[in-house]
Engineer: 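Just dropping this structure here.
By convention in this document, chain letters (A, B, ...) are assigned in the order of the sequence lines, proteins followed by strands, and residues within each chain are numbered from 1. Both backbone and side-chain heavy atoms feed into the values below; hydrogens, waters and symmetry mates do not.
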Amino acid sequence: MPELPEVETLCRQLQEVVSGKIIFSLRILDNKLGEFQQVAGQTVNAPYRNGKGITLPLDNGKALRLHLRMTGRLLWQDDRPTPEPAHTRFVMTFKQGRLILIDPRRFATLSLTDNTPLPQAFVDPLTQFPARLLWESVQGRGLPIKSFLLDQRAVSGIGNIYACEILHRASIDPWRPTRDLSLAEWKRLAKMAKTVLLKAIDCRGTSVSDWRDLLGQQGEYQHFLQVYGRAGKPCPRCSGAVKRVKLGGRGTFFCPDCQR
DNA sequence: TATAATGTTAGACT
DNA sequence: AAGTCTAACATTAT
């Protein structure tokens, strides 16, 4: 479910809510997640985002790494305990409230690791999108540009919704082989990736189906979507009909008239 | 009943 | 060897 803007939203809210707080207990309701006895009693330091992942650093040098995958959600409750929502997979209790993982499809993962830096992707779309270097280095790659944007080892944090939106704003056909992009097109991609993602962070994410932030609130970026989920509707830029195709197994929305 | 859903990756294929 | 593609994971909603 969550891509970079949604995970960034959660991390910012987590910083407010759990930084410096002591974990009273971590109750695992889906044993697929694993066992985490050692975290009780630990203080949580400032949470941060790694791509689409969330890291909760602990005082003992370890870190809880959470990835929400497709349908994972985090919810903070600071009032008196209520019955857990459907599909609750863990409950992390603090003196001041509790952090709940909700995940219908059970793809989310949690692990306890050393709090060491993780391998960085080649491109961080918010801070480092070296257009010229990419243009020079992807020669020989016939991979569709959309698949390249979704490859987390290459570009960190972009998922299906924002890949569609970024390619539309850059006027690039998702099927274009990566090797065929011009330098000007890489520059447009870099610019539009940053524009779209920063705006979406500002909007606290995209609530097209069930995305909610840490406090249960919807995001607002769904009001700015140009192509995602808009098959058959007119392209806001050229009035052509938005098409939905399948690319790399994922639903892909684009405007064949103005994305070349 | 069949399909699709905001993600990732192991294994197959080229 | 390296790049690319597909199926699988598990569940709900349309």
Side-chain angles (χ1 to χ4, degrees), chain A residues 1-11 29-34 49-54 65-74 85-89 101-111 118-119 121-122 125 134 137-168 174-180 193 196-197 199-201 203-214 217-232 243-254:
Chain A
M1 170 160 65
E3 307 180 32
L4 184 155
E6 288 76 24
V7 176
E8 181 65 24
T9 299
L10 286 174
C11 284
L29 298 158
D30 179 1
N31 54 20
K32 193 184 170 207
L33 288 174
R49 179 180 65 79
N50 45 286
K52 298 174 192 169
I54 297 169
R65 315 265 191 191
L66 174 64
H67 197 299
L68 298 170
R69 305 286 176 124
M70 289 288 268
T71 55
R73 284 181 49 196
L74 284 176
H87 315 301
T88 295
R89 305 304 182 195
L101 171 68
I102 302 164
D103 182 26
R105 286 171 73 178
R106 301 171 61 211
F107 288 166
T109 54
L110 181 67
S111 62
L118 295 166
F122 191 67
L134 281 163
S137 63
V138 299
Q139 296 311 318
R141 299 203 62 182
L143 192 69
I145 183 59
K146 185 185 179 225
S147 302
F148 180 84
L149 291 178
L150 290 176
D151 179 349
Q152 300 299 299
R153 294 162 307 185
V155 185
S156 121
I158 293 176
N160 201 34
I161 293 179
Y162 297 111
C164 292
E165 293 298 309
I166 290 164
L167 286 165
H168 177 264
W175 293 96
R176 285 275 300 288
T178 302
R179 68 163 90 87
D180 290 355
V196 166
L197 295 171
K199 175 70 175 172
I201 290 170
C203 288
R204 296 176 5 272
T206 301
S207 293
V208 284
S209 60
D210 54 0
W211 157 251
R212 297 293 183 279
D213 71 12
L214 190 63
Q217 292 219 275
Q218 292 202 8
E220 298 297 337
Y221 195 76
Q222 62 274 21
H223 304 307
F224 299 91
L225 295 176
Q226 310 282 293
V227 288
Y228 185 85
R230 302 188 72 251
K243 269 221 165 63
R244 180 191 182 283
V245 297
K246 191 152 278 201
L247 193 170
R250 314 299 307 278
T252 298
F253 298 86
F254 73 112

Engineer: Describe the nucleic acid contact of A:Gly249 in one word from base, sugar-phosphate, nothing, applying a heavy-atom distance below 4.0 Å.
Structural biologist: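 No contact.
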Engineer: Taking A:Gln226 for its side chain and A:His168 for its backbone only, find out whether a donor-acceptor pair lies under 3.5 Å.
Structural biologist: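 No, A:Gln226 side chain to A:His168 backbone: no donor-acceptor pair under 3.5 Å.
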Engineer: Taking CG from A:Asp210 and P from C:dA10, how many angstroms apart are they, rounded to a whole number?
Structural biologist: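 In whole Å, C:dA10 P lies 19 Å from A:Asp210 CG.
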Engineer: When the P atoms of B:dG11 and C:dA10 are considered, how many whole Å apart are they?
Structural biologist: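 Each nucleotide's P atom is 16 Å from the other's.
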Engineer: Taking C:dA7 as the reference, what is the distance to B:dT3 when you measure between their P atoms (whole Å, please)?
Structural biologist: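 Nearest-Å result for B:dT3 against C:dA7 at atom P: 13 Å.
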Engineer: Can you tell me if the side-chain N/O atoms of A:Arg244 get under 4.0 Å from OP1 or OP2 in B:dA5?
Structural biologist: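 Yes, such a contact exists.
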Engineer: Without decimals, in angstroms, what is the distance between A:Ile102 CD1 and C:dT11 P?
Structural biologist: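 Whole-Å distance recorded here is 16 Å.
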Engineer: Side chains of A:Thr71 and A:Asp103: donor-acceptor distance under 3.5 Å anywhere?
Structural biologist: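 A:Asp103 and A:Thr71 do have a side-chain donor-acceptor pair below 3.5 Å.
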Engineer: Ignoring hydrogens and angles, does a donor from either the side chain of A:Arg105 or the base of C:dA10 sit under 3.5 Å from an acceptor on the other?
Structural biologist: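 Counting by modelled atom types and ignoring angles, a donor-acceptor contact under 3.5 Å is found here.
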Engineer: Has A:Gln152 got a side-chain N or O lying under 4.0 Å from the OP1 or OP2 atom of B:dT8?
Structural biologist: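 Affirmative; the distance criterion is met.
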Engineer: Report the distance from atom CG of A:Asp103 to atom P of C:dC9, rounded to the nearest whole Å.
Structural biologist: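 One finds 16 Å between P of C:dC9 and CG of A:Asp103, rounded.
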Engineer: Give a yes/no on whether any side-chain N or O of A:Arg69 is located under 4.0 angstrom from OP1 or OP2 of B:dT8.
Structural biologist: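 It does not, given that no N or O in the side chain of A:Arg69 lies less than 4.0 Å from OP1 or OP2 of B:dT8.
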Engineer: Could you state the atom-to-atom distance from NZ of A:Lys146 to P of C:dC5 in whole Å?
Structural biologist: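 Taking atom P of C:dC5 as the reference, NZ of A:Lys146 is at 13 Å.
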Engineer: Can you check the A:Asp151 CG to C:dA2 C1' distance for me, whole Å?
Structural biologist: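 My rounded result for the distance is 13 Å.
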Engineer: Checking all strands, does A:Arg141 fall into the base, sugar-phosphate, or nothing category for heavy-atom contacts under 4.0 angstrom?
Structural biologist: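 A:Arg141: backbone/sugar contact only, no base atoms under 4.0 Å.
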Engineer: Just checking A:Gly142: base, sugar-phosphate only, or nothing, at a heavy-atom cut-off of under 4.0 Å?
Structural biologist: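 Counting heavy atoms under 4.0 Å across all strands, the contact made by A:Gly142 is with sugar-phosphate only.
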Engineer: Can you find a side chain N or O atom of A:His87 that sits less than 4.0 Å from OP1 or OP2 on C:dT11?
Structural biologist: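 Checking A:His87 against C:dT11: no side-chain N or O falls below 4.0 Å of OP1 or OP2.
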Engineer: Do the side chains of A:Lys32 and A:Asp30 get close enough for a salt bridge, i.e. N-O under 4.0 angstrom?
Structural biologist: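 Salt bridge absent between A:Lys32 and A:Asp30.
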Engineer: Centre of A:Tyr221's six-membered ring, under 6.0 Å away, within 45 degrees of the axis: is that where NZ or CZ of A:Lys199 sits?
Structural biologist: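 No; the conditions do not both hold, so A:Lys199 does not lie above the ring face of A:Tyr221.
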Engineer: Any stacking of A:Phe107 on B:dG7, going by centres under 5.5 angstrom and planes within less than 30 degrees?
Structural biologist: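 Taking the rule of under 5.5 Å and under 30°, the ring of A:Phe107 does stack on B:dG7.
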Engineer: Does any donor atom in the side chain of A:Lys246 or A:Thr252 lie under 3.5 Å from an acceptor atom in the other side chain?
Structural biologist: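 Checked: A:Lys246/A:Thr252 side chains show no N/O donor-acceptor pair below 3.5 Å.
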Engineer: Taking 4.0 Å as the cut-off, does a side-chain nitrogen or oxygen of A:Arg250 come that near to OP1 or OP2 on B:dG7?
Structural biologist: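 Yes, within the criterion.
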Engineer: So, is A:His67 near the phosphate of B:dG7, with a side-chain N or O under 4.0 Å from OP1 or OP2?
Structural biologist: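 Answer is no, no contact under 4.0 Å.
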Engineer: Let me know the distance between CG of A:Leu247 and C1' of B:dA4, rounded to the nearest Å.
Structural biologist: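 Distance check: A:Leu247 CG to B:dA4 C1' gives 16 Å.
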Engineer: Classify A:Pro104 by what it touches in the nucleic acid, base, sugar-phosphate, or nothing, heavy-atom distance under 4.0 Å.
Structural biologist: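 Since only primed, P, OP1 and OP2 atoms lie under 4.0 Å of A:Pro104, the category is sugar-phosphate.
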Engineer: Flag yes if more than 12 heavy atoms outside A:Arg153 fall under 6.0 Å of its CZ atom; otherwise flag no.
Structural biologist: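 No, because the 6.0 Å sphere around CZ of A:Arg153 holds 12 heavy atoms or fewer from other groups.
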Engineer: Which part of the nucleic acid does A:Ser209 contact within heavy-atom distance under 4.0 Å: base, sugar-phosphate only, or nothing?
Structural biologist: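 The answer is base, as A:Ser209 lies within the cut-off (heavy atoms under 4.0 Å) of a base atom.
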Engineer: Report the distance from atom CG of A:Leu4 to atom P of B:dT8, rounded to the nearest whole Å.
Structural biologist: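 My rounded result for the distance is 11 Å.
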Engineer: What's the CZ-P distance between A:Phe148 and C:dG3, to the nearest Å?
Structural biologist: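 These atoms are roughly 12 Å apart.
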Engineer: Could you tell me which nucleotide pairs with C:dA10 by Watson-Crick or G-U wobble geometry, both distances under 3.5 Å, or answer none if nothing does?
Structural biologist: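 Across any shown strand, C:dA10 pairs with none.
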Engineer: So, OP1 or OP2 of B:dA4: does either fall under 4.0 Å of a side-chain N or O from A:Lys246?
Structural biologist: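 Yes, because at least one side-chain N or O of A:Lys246 sits under 4.0 Å from OP1 or OP2 of B:dA4.
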Engineer: Taking any heavy-atom pair under 4.0 Å as a contact, classify A:Arg153: base, sugar-phosphate, or nothing.
Structural biologist: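 No contact.
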